[in-house]
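Comments concern the structure below.
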There are 2 protein chains.
Amino acid sequence: MDTATLLKSKGLRVTPQRLAILDILRSTKAHPSVETVYDLVRERFPSISFNTVYKTLQSFEDAGLVWKLSIDNLYRYDGNTLPHAHFYCHRCGMVLDVNGELTQRFSEFLEMARKTPGLKVQSMEVNFYGHCPACRY
Amino acid sequence: MDTATLLKSKGLRVTPQRLAILDILRSTKAHPSVETVYDLVRERFPSISFNTVYKTLQSFEDAGLVWKLSIDNLYRYDGNTLPHAHFYCHRCGMVLDVNGELTQRFSEFLEMARKTPGLKVQSMEVNFYGHCPACRY
DNA sequence: TACTACATAATAATTATTATCATGTTGTAT
DNA sequence: ATACAACATGATAATAATTATTATGTAGTA
């Protein structure tokens with residue numbers, strides 16, 4: 001779906017800044033932090049403020065357009081909201097999607113937790129930590 | 001095992017502060033933050049510094065005595081280092097262990113991720129988010 | 001075209017985590 | 001028992017990341 005249409009469909013206003021920010025998240029698999037999105041969007045909007053990026057990402061998450069991940073005590077944004085696990089490299093800080101068999105099991109895991117009496121489970125995060133291919137030694 | 005013996009077995013020095021801190025973690029299921037451990041240990045050692053608690057917890061984690069969890073961008077310490085999942089209540093901030101069927105599956109999940117080519121997976125965190133029994137409405 | 005509600009930008013405050021360094025204490029060897 | 005080297009502690013400060021405030025600007029709607 002077209003990015004402007006996507007924003008409208010969630011009842012969000014369409015501004016050049018928002019289009020740029022959402023386009024960035026939709027086109028990367030790098031799971032950028034607010035800071036990184038800020039750096040990227042400044043290439044096109046040099047005068048955009050950090051606060052705008054921060055608040056915009058927040059509203060995107062509230063609308064369910066993006067996934068706000070908490071990995072190693074850092075927030076990272078993922079344009080892919082489908083359930084999947086993540087890997088964090090302790091050496092270089094890179095965040096990768098973990099694909100394969102795990103992804104199918106992911107939802108089963110969530111369903112299992114939802115059966116815990118008393119708990120109202122809204123979301124789930126699965127984070128692996130270690131070294132990525134480039135940093136492996 | 002006796003707490004002093006446990007410290008020694010990991011090559012760590014035994015001090016009154018360390019005994020108190022490790023005892024706290026071994027006797028609670030509350031997954032306290034550094035700040036909370038600091039508050040608890042001050043009941044017995046009113047002049048202990050935050051830094052001591054912070055550094056001590058860090059060395060405990062390095063020695064594998066405790067588990068440093070990253071949940072909702074906050075570090076929490078768990079005296080139980082056996083693999084298990086956690087639940088975080090967005091309302092009250094409480095962290096609970098998730099027991100049952102999930103715990104057995106936890107290690108399978110880790111093994112699955114370890115099969116991902118190229119990755120060197122060291123650890124794994126599974127965090128559920130939602131409302132706890134007391135905060136459910 | 002005008003108007004209202006929301007978005008933006010500049011700035012500042014807050015919170016959590018980590019660092020520095022002088023002094024004190026533990027473990028070990030005498 | 002004593003002394004000493006290595007590490008722990010406490011006081012303080014710095015850092016890093018996240019969130020708040022507010023005046024001005026713009027999108028959406030009538």
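Order of the sequence lines fixes the chain letters, A, B, ..., with proteins taken first and strands second; residue numbering starts at 1 for each chain.
- In this entry the distance linking OH of B/Tyr75 with P of D/dT18 reads 11 Å, nearest Å.
- The aromatic rings of B/Tyr88 and B/His90 sit perpendicular, their planes meeting at an angle over 60°, well past the 30° parallel limit.
- Taking 3.5 Å as the limit, the base of D/dT18 and the side chain of B/Asn73 contain no donor-acceptor pair of atoms between them.
- Comparing B/Arg13 and B/Ser47, the nucleotide of DNA chain D nearest to each residue sits closer to the 5' end for B/Arg13.
- Note on A/Ser59: nothing from the nucleic acid sits closer than 4.0 angstrom, heavy atoms only.
- Cation-pi check for B/Arg42 over B/Tyr38 is met; the charged atom lies under 6.0 angstrom from the ring centroid and within 45 degrees of its normal.
- Between the CD1 atom of A/Ile48 and the P atom of D/dG25 there is a distance of 17 Å, given to the nearest Å.
- Atom CG in A/Leu19 sits roughly 15 Å away from atom C1' in C/dT8 (whole-Å rounding).
- A close approach under 4.0 Å does occur between a side-chain nitrogen or oxygen of B/Thr52 and OP1 or OP2 of D/dG10.
- For A/Phe45 and C/dA9, the CZ to P distance is 9 Å, given to the nearest whole Å.
- If you check the side chains of B/Thr52 and B/Ser49, you find a donor sitting under 3.5 Å from an acceptor.
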Residues A/Trp67, A/His84; criterion ring-ring contact (aromatic ring centres under 6.0 Å, His included); working and verdict: CA-CA 11 Å; A/Trp67 190 359; A/His84 60 284; 5.3 Å; yes
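- Between B/Gln17 and C/dT25, a side-chain N or O to OP1/OP2 separation shorter than 4.0 Å is absent.
- Residue-level contact check: A/Lys68 touches the backbone only, with heavy atoms under 4.0 Å from sugar-phosphate atoms and none from bases.
- Among the protein residues, A/Val14 comes within range of the sugar-phosphate backbone only, with heavy atoms under 4.0 Å from sugar or phosphate atoms but none that close to a base.
- With 3.5 Å as the limit, one finds no donor-acceptor pair spanning the side chains of A/Thr56 and A/Ser59.
- In this structure, A/Asp72 atom CG and D/dA16 atom P are separated by 15 Å, rounded to whole Å.
- If you check C/dT18, D/dA8, D/dG10 against the side chain of B/Tyr54, the one that comes closest is C/dT18.
- Rounded to an integer number of Å, the gap from CG of A/Leu69 to P of D/dT18 is 12 Å.
- Put simply, CG on B/Asn51 is 8 Å from C1' on C/dA19, counting in whole angstrom units.
- Among the heavy atoms of the strands lying under 4.0 Å from A/Phe50 is at least one base atom, whether or not backbone atoms are also near.
- Contact check, B/Arg18 against D/dT9: a side-chain N or O comes under 4.0 Å of OP1 or OP2.
- Using a 4.0 Å heavy-atom criterion, one finds that B/Ser33 contacts no nucleic acid atom at all.
- Rounded to whole angstrom, the span from the CZ atom of A/Arg76 across to the C1' atom of D/dT18 amounts to 15 Å.
- Nearer to the 5' terminus of DNA chain C, by closest-nucleotide assignment, is the contact made by A/Thr56 (compared with the other of B/Glu35 and A/Thr56).
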